[in-house]
2 protein chains.
Amino acid sequence: MNIMDETSGKEASATRGAYMSLRDMILTGALPAGEKLKIEQLRKLLDTGASPVREALSLLTSDMLVERIDQRGFRAAPASTENFAEILKLRCVLEDMALRQSIASATPEWEENLVLAHHRMKQLTGAASFEDAHKLFHMALLANSSSPMLERFCSQLYDLNIRYRNLASSGRNYQKRDITAEHEEILACAVRRDADATSTALLSHYRLTGAYLTSQLVNL
Amino acid sequence: MNIMDETSGKEASATRGAYMSLRDMILTGALPAGEKLKIEQLRKLLDTGASPVREALSLLTSDMLVERIDQRGFRAAPASTENFAEILKLRCVLEDMALRQSIASATPEWEENLVLAHHRMKQLTGAASFEDAHKLFHMALLANSSSPMLERFCSQLYDLNIRYRNLASSGRNYQKRDITAEHEEILACAVRRDADATSTALLSHYRLTGAYLTSQLVNL
DNA sequence: AAGTCAATAAATATCGATATTTTTCTAGCG
DNA sequence: CGCTAGAAAAATATCGATATTTATTGACTT
């Protein structure tokens with residue numbers, strides 16, 4: 001479902017609030033992979049009714065963050081190195097596709113939004129807000145693909161990837177890569193409308209992160 | 001979510017019943033694309049409570065058959081030629097990928113299940129049961145990809161395609177293609193483990209159908 | 001007339017209470 | 001002792017009623 005992009009804050013429905021909270025808790029690992037998600041328990045935790053919780057969980061099913069088994073409730077989607085490998089592979093294929101379509105029909109607005117997203121990302125240092133900006137930058141790359149479903153898949157997979165990043169980051173979070181430079185490179189290639197180069201840079205960015213994360217995921 | 005594969009019949013939960021019925025109604029066009037789906041109305045139609053209906057609709061969101069707008073209910077996913085084109089394109093990419101992975105690690109069981117699925121499909125003539133067998137055959141091709149998410153995507157897209165097939169079939173359903181022969185060809189190539197040939201045959205099968213359907217979809 | 005605002009109607013969202021189903025526990029049996 | 005049947009506990013699923021929100025209508029201004 002992915003509501004993240006709505007005008008933030010505001011008074012939203014209880015379901016939406018529950019959806020956002022639960023989504024966040026699963027992505028950050030506050031609700032561990034595979035964990036049974038009991039309605040009553042979550043209801044108290046989020047201080048809301050059972051209906052919103054239940055509906056939020058149903059919705060999270062779309063994002064592959066929650067599994068539902070008829071008549072026996074919900075659980076946080078399990079995590080495994082195989083699953084992570086699958087996500088990485090799919091992301092590479094789908095983002096490559098979306099990226100190329102985006103560049104193929106590039107427009108000034110697309111380019112400007114991309115530059116803007118990159119700029120905003122550079123400004124932000126606080127972990128939480130950087131995460132959001134980082135996603136926005138990556139989605140801005142794909143935003144011109146004229147393929148809403150494809151973008152939705154990419155967005156879903158992006159989130160699933162973040163989840164693994166969080167699951168892995170229990171160990172020391174040291175990486176000797178220069179992420180900032182990688183982003184600059186991606187942006188530069190995109191602005192110059194070089195699909196091959198952008199794709200190479202982007203996939204390399206993902207694969208390097210993927211390899212690193214895989215090495216940290218021994219405990220799965 | 002896609003529960004279709006569960007052991008059929010049986011006493012299921014009300015939610016599951018509603019899910020199946022609504023899914024069917026959307027796929028067949030009984031609930032037209034874009035239509036507002038009012039809880040009360042469906043509740044009476046399915047003779048069940050509001051909660052199961054609501055939950056079923058939330059679940060159908062995963063399958064991209066229903067859209068949900070916070071605080072103003074649900075509607076059947078809209079249909080358009082653009083959307084259909086998108087589905088076709090994604091199917092070709094994803095099924096190609098799944099198929100190749102399937103063949104790359106082919107096993108006797110996979111092959112046997114495939115042959116079986118094909119045989120069953122040939123037996124069946126009744127429209128409804130043929131549809132099911134047809135899907136099972138196509139999914140059997142991909143069943144060995146070792147990539148559950150990929151298979152899920154393919155399954156979803158397959159269903160969305162069926163929906164367009166039904167939307168299009170208002171016109172006379174005449175096609176001068178020999179579908180049976182196309183299936184034989186796909187099966188033969190797969191059994192001989194020729195990934196390139198199978199992929200070519202499969203994608204051609206899809207693209208031919210796609211072109212035909214597109215021509216019928218003028219009224220969208 | 002076009003536009004606005006309030007009142008009404010309709011629909012959605014949510015709650016609290018039960019009915020059902022699954023899981024856990026335990027005592028009796030082989 | 002391990003196993004199974006059945007009771008008790010826990011959790012899920014569902015209902016019916018109500019609170020909120022959105023959509024509609026129509027009178028009133030300019």
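In what follows, chains carry the letters A, B, and so on, assigned in the order in which the sequence lines appear, proteins first and then strands, with residues in each chain numbered from 1.
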Would you call the rings of A:H138 and A:H134 parallel, tilted or perpendicular, taking 30° and 60° as the class edges?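 Perpendicular: the ring planes of A:H138 and A:H134 meet at over 60°.
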Are the side chains of A:E82 and A:E86 in touch, meaning some heavy atoms are under 4.5 Å apart?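 Sidechains of A:E86 and A:E82: no contact.
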Whole-Å distance between [N] [atom2] and [X] [atom1]?
X	N	atom1	atom2	result
B:R68	D:dT22	CZ	P	12 Å
A:L42	D:dA11	CG	P	12 Å
A:L59	C:dT12	CG	P	16 Å
A:R75	D:dT12	CZ	P	11 Å
A:Q71	C:dT21	CD	C1'	6 Å
A:E55	C:dT14	CD	P	7 Å
A:R43	C:dA17	CZ	P	11 Å
B:D70	C:dT12	CG	C1'	10 Å

Which residues pass the salt bridge (Lys or Arg N to Asp or Glu O under 4.0 Å) test with B:K122, not counting sequence neighbours?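 For B:K122, the residues satisfying salt bridge (Lys or Arg N to Asp or Glu O under 4.0 Å) (neighbours in sequence not counted) are B:E184.
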Partners passing salt bridge (Lys or Arg N to Asp or Glu O under 4.0 Å) against A:E35 (at least two apart in sequence or in another chain):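 A:E35: no salt bridge (Lys or Arg N to Asp or Glu O under 4.0 Å) contacts found.
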Please list, chain by chain and in numerical order, all residues satisfying side-chain contact (heavy atoms from CB on, under 4.5 Å) with A:V66, sequence neighbours excluded.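 side-chain contact (heavy atoms from CB on, under 4.5 Å) list for A:V66, sorted by chain: A:I26, A:L37, A:L57, A:L60, A:T61, A:F74.
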My understanding is that only residues two or more places apart in sequence, or in another chain, count here; which of them pass side-chain contact (heavy atoms from CB on, under 4.5 Å) with B:T48?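 Per chain and number, B:T48 pairs via side-chain contact (heavy atoms from CB on, under 4.5 Å) with B:A14, B:L46, B:P52, B:V53.
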Under 4.0 angstrom between A:S13 side-chain N/O and D:dT20 OP1 or OP2: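 Negative; the distance criterion is not met.
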Is the shortest side-chain N/O distance from A:R72 to OP1 or OP2 of D:dT12 below 4.0 Å?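 No, no such contact exists.
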Any protein N or O atoms within reach of nucleotides 8-11 of chain C? Criterion: under 3.5 Å, listing atom names and distances.
residue : atom : partner : partner atom : Å
C:dA11  : OP1  : B:K38   : NZ           : 3.2

Among the nucleotides D:dT21, C:dT14, D:dC15, which one has an atom lying closest to any side-chain atom of A:P52?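 Per side-chain heavy atoms of A:P52, the pick is C:dT14.
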From the list D:dC15, C:dC15, C:dT14, which nucleotide is the closest neighbour of the side chain of B:T48?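 Nearest to the side-chain atoms of B:T48, counting from C-beta on, is D:dC15.
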A:F84: what forms a ring pair (Phe, Tyr, Trp, His ring centres under 6.0 Å) with it, not counting sequence neighbours?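 Per chain and number, A:F84 pairs via ring pair (Phe, Tyr, Trp, His ring centres under 6.0 Å) with A:Y164.
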